[in-house]
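Quick notes on the structure that follows.
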Amino acid sequence: MSTKNTSEKTRVIAIILGGGKGTRLYPLTKERSKPAVPFGGKYRIVDIPISNCINSGYRKIYLLTQFNSASLHHHITKTYNFDNFSGGFVEILAAEQTLENSGWFEGTADAVRKNMIHFQSANPTHYIILSGDQLYRMNLKAFMDSHIQSGADITIATTAVNRQDASGFGIMKIDSKNKITAFQEKPAKDLDISDWKIPQNARGDLPPEKEYLASMGIYIFNAKTMEEALDNSYTDFGKEIIPKSIKTKKVNSYIFDGYWEDIGTIRSFYNATLELTEYNPAFNLYDVEEPIYTHMRNLPPSKINGAEIENSLTSEGCVITKAKLRHSVIGVRSVIENGSELNGVITMGSDFYETEDTKKKNEEIGKPNIGIGKNCKIASTIIDKNAAIGDNCQINISGKKYEDGDHGLFYSADGIIVIRKGTVIPAGTII
């Protein structure tokens with residue numbers, strides 16, 4: 001069956017799972033949901049899966065969420081407005097009370113089940129289930145064509161991992177035709193799973209050390225199969241629905257060999273963001289054919305007043321004056337004053353510019369302006385939106401180690417300092 005024919009016969013609903021409370025990304029999720037967390041200077045995490053859908057031609061997109069969804073609603077409403085002729089949309093479905101359901105989403109499968117009434121009206125042939133906190137670029141149409149041509153009821157996107165990493169994922173065992181024959185969740189490091197290695201004929205050009213297949217949490221379901229799989233009280237796809245379906249349905253593996261990163265923790269989020277500053281980043285924001293879409297802000301270009309910038313990204317509307325930036329990602333409307341040095345820093349910028357009157361009042365009460373003041377030295381830090389850091393501050397420079405958790409003015413996570421949204425750091429503060 002040709003690619004053209006398979007694509008033309010599909011009516012696809014894309015469902016992006018917004019996740020739970022986002023505790024692993026706290027405090028970035030203190031006031032927003034995981035998909036709404038700013039990423040890469042000017043984007044939000046949710047822009048990644050939505051852009052993959054749009055670039056693949058799938059424009060009927062639902063986003064399921066229930067925690068801190070106000071900023072996510074605002075972003076989606078401002079960003080994704082399709083014309084009347086495409087039939088496309090991005091619609092948020094937050095947990096709601098109905099006559100049939102009165103509680104929160106209890107898991108990924110439960111979230112989809114409780115919203116099936118919204119999906120079925122479009123009479124889809126297939127559902128694509130995507131995660132809202134992963135960084136990757138995938139041709140979802142090629143994924144769909146592989147699913148249809150295989151005759152599978154369900155296809156799971158998988159990525160090859162080594163034995164050490166396999167203990168952190170759901171691991172799939174496949175036969176010579178990519179059919180999944182068994183599944184186990186996070187096998188213990190001392191467990192012998194050598195008979196779960198990827199068959200040689202399915203390896204292709206995979207690195208030799210990556211011998212096992214891990215679920216990416218990305219699925220395609222035939223519509224009828226989805227209804228049957230959810231006709232129960234199971235709440236989670238990965239832990240319950242998929243293992244059960246493997247026993248009764250034809251479930252295939254789609255081996256994805258491109259870049260994929262789970263950015264659900266502070267450390268993984270930090271590393272993935274700073275990797276964008278490399279000469280040849282694994283995730284390329286400059287792909288003309290497959291762009292990452294986001295909110296059009298109509299901001300002025302960034303103004304650089306004599307700064308030294310090395311391997312860094314600067315977003316629109318910034319004002320950077322005689323500062324030194326190294327391996328840093330600078331968010332929209334960021335203001336960095338004279339003499340400050342940033343190394344391995346992510347700033348998420350600001351939602352607004354302060355007026356001259358506001359700055360005058362700040363000076364009168366001794367409050368720093370939003371942005372980074374003069375002669376600051378900052379390293380290995382995430383600075384959330386609208387933070388105000390006074391002159392002569394030092395953050396994560398001394399080498400002092402903090403326990404993970406809340407420390408008043410800042411939060412520490414795996415050696416990374418996080419300055420929370422809207423925090424004021426007085427001049428001269430040393431963290």
What do you reckon, is [atom1] of [X] surrounded by more than 12 foreign heavy atoms closer than 6.0 Å?
X	atom1	result
Phe410	CZ	yes
His407	NE2	yes
Lys189	NZ	yes
Tyr286	OH	no
Lys239	NZ	no

Salt bridge [X]-[Y], side-chain N to carboxylate O under 4.0 Å:
X	Y	result
Lys173	Asp195	yes
Asp145	Lys141	no
Glu316	Lys42	yes

Drop me the distance from [X]'s [atom1] to [Y]'s [atom2], to the nearest 0.5 angstrom.
X	Y	atom1	atom2	answer
Tyr219	Ile242	OH	CD1	5.0 Å
Ile45	Thr29	CD1	OG1	9.5 Å
Ile180	Thr155	CD1	OG1	8.0 Å
Lys377	Ile395	NZ	CD1	12.5 Å
Glu211	Trp196	CD	CH2	15.0 Å
Arg24	Ile266	CZ	CD1	10.5 Å

Can you check side chain to side chain contact (heavy atoms under 4.5 Å, CB included) on His147 and Asn252, steps first, answer last? CA-CA 8 Å; His147 168 78; Asn252 268 31; over 6 Å; no
Look at the side chain of [X] and the backbone N and O of [Y], then say whether any donor-acceptor pair between them is shorter than 3.5 Å.
X	Y	result
Arg44	Ile48	no
Glu240	Thr235	yes
Ser315	Ile330	yes
Lys60	Val12	no
Asn178	Ile174	no
Ser121	His118	yes
Asn232	Ala229	yes
Tyr80	Tyr293	yes
Ser312	Ser328	yes
Glu261	Ser268	no

No-hydrogen, no-angle side-chain donor-acceptor test under 3.5 Å, Asp47 and His295: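 Absent: no donor and acceptor within the cut-off.
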Residue pair Thr347 / Ser334, side-chain donor-acceptor N/O under 3.5 Å: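 There is such a pair between these side chains.
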If you define the side chain from C-beta out and look only at heavy atoms, does anything of [X] sit under 4.5 Å from [Y]?
X	Y	value
Asp384	Leu28	yes
Glu354	Val335	no
Asn222	His126	yes
Leu274	Val329	yes
Met116	Met226	yes
Ile336	Leu325	yes
Thr108	Val112	no
Tyr259	Leu135	yes

Hey, would you say the Tyr136 and Phe283 ring centroids sit under 6.0 Å apart?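 They do not qualify: ring centres at least 6.0 Å apart.
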What about Tyr411 and Tyr26, are their ring centers closer than 6.0 Å?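 Under 6.0 Å, so yes.
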Kindly indicate, with the supporting measurements, whether the criterion side chain to side chain contact (heavy atoms under 4.5 Å, CB included) is fulfilled by Leu191 and Arg163. CA-CA 10 Å; Leu191 181 67; Arg163 177 61 187 90; 4.2 Å; yes
Residues that [X] engages under salt bridge (Lys or Arg N to Asp or Glu O under 4.0 Å), provided they are two or more places apart:
X	answer
Asp231	none
Asp133	Lys34
Glu290	Arg137

What closest approach, in Å, do [X] and [Y] show between heavy atoms, and which atom pair accounts for it?
X	Y	value
Cys376	Ile389	SG-CG2, 4.2 Å
Ile13	Pro124	CG1-CB, 3.6 Å
Gly264	Leu25	O-CG, 3.5 Å

So Ser302 and Thr314, side chain to side chain donor-acceptor pair (under 3.5 Å) or not? Walk me through it. CA-CA 7 Å; Ser302 288; Thr314 58; 4.6 Å; no
Acceptor/donor pairs from residues 415-425 side chains to any protein atom, 3.5 angstrom cut, sequence neighbours excluded:
{"from": "Arg420", "atom 1": "NH1", "to": "Asp406", "atom 2": "OD1", "distance (Å)": "3.2"}
{"from": "Arg420", "atom 1": "NH2", "to": "Asp406", "atom 2": "OD1", "distance (Å)": "3.4"}
{"from": "Arg420", "atom 1": "NH2", "to": "Gly408", "atom 2": "O", "distance (Å)": "2.2"}
{"from": "Thr423", "atom 1": "OG1", "to": "Arg420", "atom 2": "O", "distance (Å)": "3.0"}

Show the numbers, then the answer: is there a side chain to side chain contact (heavy atoms under 4.5 Å, CB included) between Asp153 and Ser245? CA-CA 9 Å; Asp153 300 303; Ser245 297; over 6 Å; no
Trace of the side chain to side chain contact (heavy atoms under 4.5 Å, CB included) decision for Ser56 with Asn139: CA-CA 6 Å; Ser56 301; Asn139 183 339; 4.1 Å; yes
Positive for side-chain contact (heavy atoms from CB on, under 4.5 Å) with Ile16, one of Pro49, Pro35, Ser131: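 Of all the options given, the one that passes is Pro49.
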One pair to check against ring pair (Phe, Tyr, Trp, His ring centres under 6.0 Å): Phe237 and Phe221. What are the steps and the verdict? CA-CA 11 Å; Phe237 279 112; Phe221 280 77; 5.6 Å; yes
Checking Glu310 now: which residues fulfil side-chain contact (heavy atoms from CB on, under 4.5 Å) with it, not counting sequence neighbours?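 side-chain contact (heavy atoms from CB on, under 4.5 Å) check on Glu310 returns Arg326.
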What is the ring orientation for Phe39 with Phe269, classed by angle as parallel under 30°, tilted 30 to 60°, or perpendicular over 60°?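 Rings of Phe39 and Phe269: perpendicular, as their planes differ by over 60°.
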Which side-chain N or O atoms in residues 397-405 pair as donor and acceptor under 3.5 Å with protein atoms at least two apart or in another chain?
{"from": "Ser398", "atom 1": "OG", "to": "Lys400", "atom 2": "N", "distance (Å)": "3.3"}
{"from": "Asp404", "atom 1": "OD1", "to": "Asp414", "atom 2": "N", "distance (Å)": "2.9"}

